[in-house]
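To start, the structure under review is shown below, and the notes come after it.
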Amino acid sequence: MFKFKSLIIPFAIYIILIAIGLSQPGLWQPIMYIMFYIGIGVALNNFMGLTGYVDFGYVAFLAMGAYGMGVALGYFTYLGIWAIPLGFVLALIFAALLCTAVGGVALRLRGAYFAIATIGVNEGLRYLIEGAKIWGGSEGIILSGKLRKTFGPEFANYLSTFVADAALIIIIFIASVITVYMINSRVGYALLAVREDEDAAKVMGINVTKYKLIAFFTSATIGAMIGASAWTLKLTYVFPEDVFFIHYTVEAIVIVMLGGAGTLLGPVVGGLIYGALKYYLSVILPGFQLLVFAPLLLVIVVAFPEGVVGFVKKKLQERGIIEYIT
Amino acid sequence: AQQPEEKPTTTTPAATPTGPKEETLYFGAPISLSGKFAKEGQMSLWGMQVAAQWINENGGIKVGNKVYKVEIKYYDDESKKESVQSLIERLATVDKVKFILAPYSSGLTMAAAPIAEKYGVLMNSHGGASDYIFEQGYYYVVQTLSPASKYQTGFLDMVKTLDPDAKRLALVYEDKEFSRAVHQAAKEYAEKLGFEIVYEKTYPAGTTDLSPILNELKAANPDVLIGGGHFADGQLLAQQLAELNINIKAISILVAPSLPAFYEALGTKAEGISAPAQWETGVKYSPEVAEKLGVEWYGPTQEEFIKMFKDLAGEDAEPSYHVAEAAAAVLSYAKAIEKAQSTDVDRVREAMNDLEFMCVYGMWSIDPETGKQVGHDMVIIQWQNEEKKIVWPESAANAKPCYPMPTWDEKAEGKTCGS
Amino acid sequence: MIAEQLAANIIYGLLLGGVYGLATMGLSLIFGVLRVVNVGHGAFIMVGAFTAFWMFTLYSIPPLASIVVAVIVGLAMGFVVFMTIIRRLLDAPELSTLLATFGIGVFIEELSKFFWGPDYVGYSWDIGGISLPFTELPFTKLYAFGSSIVIAALLYVWFSRTKLGKAIRAVVEDKEGAMVCGINVNMVYALSFAIGIALTVTSGVLVTLFTPVGINVYMGGDYTLKAFVIAVLGGLGSPWGAFYAGFIFGLLENGSYTLLGLIPGVEPFGLTRFVSFTALLLILLLKPTGLLGGE
Amino acid sequence: MLKVSKLESGYGEMQVLWGVDLEVKEKSITTVLGPNGAGKSTTLKAIFGIISPWNGMVEYFGEDVTKTPPHKKVEMGITMVPEGRHLFPNMTVEDNLLMGAYLSRAEEKFEDSLELVYTLFPRLKEREEQKAGTLSGGEQQMLAIGRALMTSPNLILMDEPSQGLAPKLVKEVFETIYKLKEEGLTILLVEQNVFSSLDISDYAYVLHEGKIAFGGSVDEIKESEDIKKAYLGV
Amino acid sequence: MLLKLENVTKRFGGLVAVNKLDLEVEEGEALGIVGPNGSGKTTLYNLISGVYIPDEGKIIFEGKDITNLPPHKRAPLGLARTFQIPRPFGSASVRENVAIGAMFGRAHAGVDEALEMADEYLKIVGIYELRNKEAKLLTPLEKKLMELARALAMKPKLLLLDELLAGMNPKDIDKIIDLIKRVKEEENIAVVSMVEHLMHAITKFAERVVVMHQGRKLLEGPTIEVLNHPEVIEVYLGGRVV
Ligand SMILES: Nc1ncnc2c1ncn2[C@@H]1O[C@H](COP(=O)(O)OP(=O)(O)OP(=O)(O)O)[C@@H](O)[C@H]1O
Ligand SMILES: Nc1ncnc2c1ncn2[C@@H]1O[C@H](COP(=O)(O)OP(=O)(O)OP(=O)(O)O)[C@@H](O)[C@H]1O
Ligand SMILES: [Mg+2]
Ligand SMILES: [Mg+2]
């Protein structure tokens, strides 16, 4: 279908990245590092880009995913290999539960109020887990030993060096398809209206709450899947301090903005620039990379206030290629 | 970017006219030069560089007819797990490094372990103290610093020796995985020693006011307090104990007091406060002591070590224990490689199993099975008369413990542990 | 016993709240006038903390006096940041300033680390305190509290009494309307931003009066988070709301401790954070635009 | 008094004005008419400086004010009643008027200006304490004009002041504008209400696609059937 | 009876914006609503379209009580409106704006169908060439035309126009009125209700007029008759217009 033309460029980017990672020595992890950033960008964009709501507490969904997988592998290790699918299911369930709670409460708020109320959710949840000593409290869940005992060291290693990465890649592919589908469907149009003028959208017959929740839910569950694979499976531990670290949300927002919100290509390009820049700077200028990175970021913001893809889109407005850019 | 060219990788032959073949051997290190572990990261890097420099100036590592010069290949991991993984891989594949100095902190070490294992490189932890790292079954991860479970036990021994009547122990520490591990182990140990736990509370990371806990603590009226977690909260704990005028006979705080900044920040309030340290300037490890114990000495003497450190870090810099533990990790690699007479990872790891030596940092030997450090002893330092003194164990001490420490009021009037 | 501790915690909560309030006013002001969410807020608090530290350490200038220095430093930084970056983004999509302030925050932190190193520093300004039957109140904390109140009051007077203060309000309400009244809108933007930053840097000084140790280039993160939450609680864009909300937040944080301590098997101090963040959500549920937020 | 020559401007990359020439004589009412989208509002905005002129010149009493920012123009006695009023909605009527007298030049004449405003619009006096945002459309328009008067201007640029007003109010507004002229003010008016505006004007211009298609005295326009048909649709 | 308001009241604080209003709208009629500024016309529209819920009274649409129905459930029943101050979906294209109307209004079209409908209605209102422009870049007039197209694309039974013609050139006003009249017949839009202050437009369009004053219904009846009523002239027109 013509709508899916806009998947060509992002998929090409993914495939090229993966090819580089597989063929060049030492670039697999960096590529996965970039993919992680692309992933959280695409995931957050499904909500932030499409609805215009900023969710500062977004990392909580990654955390829920991480805990979902952590709980499955940590407390249901006896299920053997089945603990992994269970982990993804739990990740989904935890994220959905949080989504319902936050959606019910915070989504009534508008703009910056929503954005910052979600910080409250994120921090509140973290301190609840630590303070009430849920799931190991601040000691978290440590899995390596269990995995190695259950699956043997080979397979345990395979889990965190292959399965986790493969899962992340699959999630990103699926998330991209979902994004394009959403943008081009009724949902996308409804959200476009919501983003621009929520009250006018209502009068137009749009069930604003419903569509916001759809986007919120989609974005949250993708985030949870990323948390489950890129964090728990790959790192083999879950520490609350780490998984609720708000810096990740800020990074995701930066990526979405850097590339251009509300487009699919935006967060992909944003994640690519962000991840690649940071990686290479930390290799070339260890210790000084952020000192160089920050001004670069500022230059990009000032030059492309609507994001790199937003800018390109505007330039190409009347050209045929625009169809390939969403 | 100012450095267009990346440095040459792998073992490039150095230009030497004659003699044995000289090659450069890279030890790789993802290091936290930014982010929350920037301070420890910087210190560790200096330690590694000092050790590498010493090795190179003292004949390198001799394997067969080859001589290896050591260089540290490091990247900044920003104290973030995602970066650590990329950098480990880069070190293992692009830079073809076989010997990794693990990143700072237990969490980051854990993040690095699966990747290191995948590429079959050895990882030596100089900043990941938590015991659990070595309970996961990683064979290629070895430890140079003493594990978390040992941090506060020496202090308890010391108090018990000094004052068998000081029974009322309180614990106030940061709710984080590391300080929890330290204090849970300490608590068990204390109970064995016959202490009575009169108060135990944690505070969340990032706290800027401990008064709710300390008001309670005051009421519990303890003789001895152990606690803390990291730099900032450790300083805060001491500061607020003073503000609230809570007098305790002996206090040991994790991490913070071991840095000069502690005294600079608190002034005389720091007097008498103790801390566990992996190492301290003035600790009595020397070639002579090694000889007496019948173990081999390796690496710079303390004077050499401190001089080299100051040449690198600046005249005003004081080496913290992070410097020594990182240096020791480098030395342990060198020693193990020489012992194995090979740079093969498996052979070196095997050589480590019964490797035992002493360096400026103290003893080094590991549990062959888990890789956990068993040889090294922690010391207890105490601020006395503006100086950090080693007060425990007696064999390493260069001063007597100041016990009970002066009260806050006395300290405010200028009384120090020396006067 | 419990009553005494509760009383002590409430007093400490109030003192802390005063500083929280001031630490948030700058954020709220900047949002109110320019619609800029300053993600780099904490970096400016850090600069203030270091200002107090260096003034005290190098020149033995007491922290109260370095408030003056902080104001000057803050105004200068605010002005430079506005002129070089923010000004160029005023017509751009709202969130691009978020990206910019993120970059600015990182840059300030890294530059500070470059010059001052990654140490955790502190200073000792021991000037005694008041002994209450149930706790001790150091003068430093009382001064911090007092200064917050005085600065907030001065700002209030300035805002409501001076022409420039009113001009700021006018610009907030309608930019084009302000133009036709002869108000130099760009100047008002620059000034508000600079004042907002100056307030923030100043609050950094007061933060060190409260916590004179653990000063580090990355210390700002926790304050940013709290300031965000307090700003929303008070009603975004309302500096006065932020000030009140600071008290509520401080009170909740410290005050709830004693009660949570009665629950067995939990870490009450950790849960105080849970309580204060949950309270935020509840308050927003009742009043979706915060305590003093408009429409 | 005001002379605009070869003025070009627009938004982003889109040019809207393609060389506008017009002149406003002191103590007169000059109307600019033209179809929607012709660039009338743009012309006023470019003159006042809300958007910057790309080319051409704006002179005020012979002085080049092309690049002068709006607040300086207000200082010189030019102000604007913008399309859509742009009041301060959460301030009271009184405070809105007070803001009009923001500059010290205007502040000096505060009492006189206020009296003038309240005699022109007694309704505003009645609603002194009401928030501007809750006024009805007509009242808001009065306030917008009142606020402009508080700057003690010589020249007021007005963009469709009668839009959205009830017929009774439309009349009042035009009467007011006429009274302002009698008070010695100069007015440059943009309107869609062709008849009423021509009734009170001295000079008129017709703007078409960013250029002046006609300029002259009101009588000339009234007489020219062609112009009325071609541009004004009446 | 298409729409019936019974005793509807809406207050804002102390102010009664709409006061015990009864209103009936027959199918197929062209209704004009006039009244001084602030007499409650826009508020009335907001009540009908569901932006506000009345404090008292009932609103019945096609026999169904919609008093408490949220706005997004009213639109599919056949209600559509334009806004006095245009509210375009700014960064969406003109075409997308109109398509959104077609998708979620009574038309309930699928995406592709809606986009086609959008083109069709843009042609009808005469801004087809602007269809790929970002809506926020339109002039106020163009925005109004786009809102009209968007409302029409919803295929409403009742179309509420709020000062659609304000600020329009007299030449265009006539054109738009003809257009609305035509579309009303062709599209079987049962009723168009129009709020305007432009009397020549009202007389040209409306068969019946309701005059509001201070939230109440002052008068209603055939257009010419009502507009010549002395009370209307007194409070609203300020002089004879027709
Ligand atoms: N803010 C804006 N951004 C981009 N383009 C604009 C903007 N305002 C107006 N335009 C464009 O400028 C042109 C002229 O608009 P302007 O508002 O000056 O017309 P006008 O003559 O005042 O029309 P009207 O009678 O409808 O008020 C229009 O084509 C419009 O698209
Ligand atoms: N949200 C609101 N809050 C407070 N008052 C309001 C609100 N909306 C409308 N009003 C007030 O209710 C009254 C009726 O307003 P409404 O907008 O319905 O008038 P209108 O008849 O449409 O006037 P106009 O012809 O000027 O558009 C006015 O006095 C207005 O100020
Ligand atoms: Mg106009
Ligand atoms: Mg209205």
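- C:V39 touches chain A through its side chain: at least one heavy atom from C-beta onward sits under 4.5 Å away, while N, CA, C and O do not.
- In terms of heavy-atom pairs under 4.5 angstrom with chain C, the leader among A:M257, A:H247, A:K133 is A:M257.
- Proximity to chain C is limited to the side chain of A:V54, based on heavy atoms less than 4.5 angstrom apart.
- Contact of A:L128 with chain C is made through backbone and side chain together, with heavy-atom distances under 4.5 Å.
- Between C:V33 and C:Y189 there is a side-chain heavy-atom pair separated by less than 4.5 Å.
- Contact annotation for C:F31: only side-chain heavy atoms (C-beta onward) come within less than 4.5 Å of a heavy atom of chain A.
- C:T84 places a side-chain N or O within 3.5 Å of a backbone atom of C:V80 that can act as its donor or acceptor partner.
- Contact of C:F102 with chain A is made through the side chain alone, with heavy-atom distances under 4.5 Å.
- A:R108 has its side chain within reach of C:L285: a pair of non-hydrogen atoms, C-beta onward, lies under 4.5 Å apart.
- Side-chain atoms of A:S138 never come within 3.5 Å of backbone atoms of A:E241 as a donor-acceptor pair (strictly under, hydrogens ignored).
- Of the possible donor and acceptor atoms, none in the side chain of A:Y58 sits under 3.5 Å from a partner among the backbone N and O of A:T249.
- At a 4.5 Å heavy-atom cutoff, the contact between A:F56 and chain C is made by side-chain atoms alone.
- For A:E130, the part sitting under 4.5 Å from any heavy atom of chain C is the backbone (N, CA, C, O) and nothing else.
- The backbone N or O of C:T200 lies less than 3.5 Å from a partner atom in the side chain of C:S203, making a donor-acceptor pair.
- In this structure, the portion of A:L109 lying under 4.5 Å from any heavy atom of chain C is its side chain and not its backbone.
- In this structure, chain C has a heavy atom under 4.5 Å from the side chain of A:V250, while its backbone stays farther away.
- Put simply, the residue from A:V59, A:L98, A:L97, A:V243 that forms a side-chain contact (heavy atoms from CB on, under 4.5 Å) with A:M64 is A:L98.
- Counting only heavy atoms from C-beta outward, the side chains of C:Y223 and C:H41 never approach each other to under 4.5 Å.
- Using a distance-only test at 3.5 Å, with no hydrogens or angles considered, no donor-acceptor pair links the side chain of C:E253 to the main chain of C:L251.
- In terms of modelled atom types and a separation under 3.5 Å, the side chain of C:T24 and the main chain of C:Y20 share a donor-acceptor contact.
- Taking A:L296, A:T118, A:L291, A:V256 one by one and counting their heavy-atom pairs under 4.5 Å with chain C, the maximum is reached by A:L291.
- Residue A:F304 does not touch chain C at all, counting heavy-atom pairs closer than 4.5 Å.
- Of the atoms belonging to C:L280, it is side-chain heavy atoms, and not backbone ones, that fall under 4.5 Å from chain A.
- Heavy atoms closer than 4.5 Å to chain A are found in both the backbone and the side chain of C:L111.
- Taking chain A as the reference chain and counting heavy-atom pairs below 4.5 Å, the highest number among C:L260, C:I108, C:V266 is found for C:V266.
- Heavy-atom distances place no part of C:I263 under 4.5 Å from chain A, backbone and side chain included.
- Under the 30°/60° scheme for interplanar angles, the aromatic rings of A:Y33 and A:Y37 are found to stand perpendicular.
- A:L290 touches chain C through backbone and side chain together, each having a heavy atom under 4.5 Å away.
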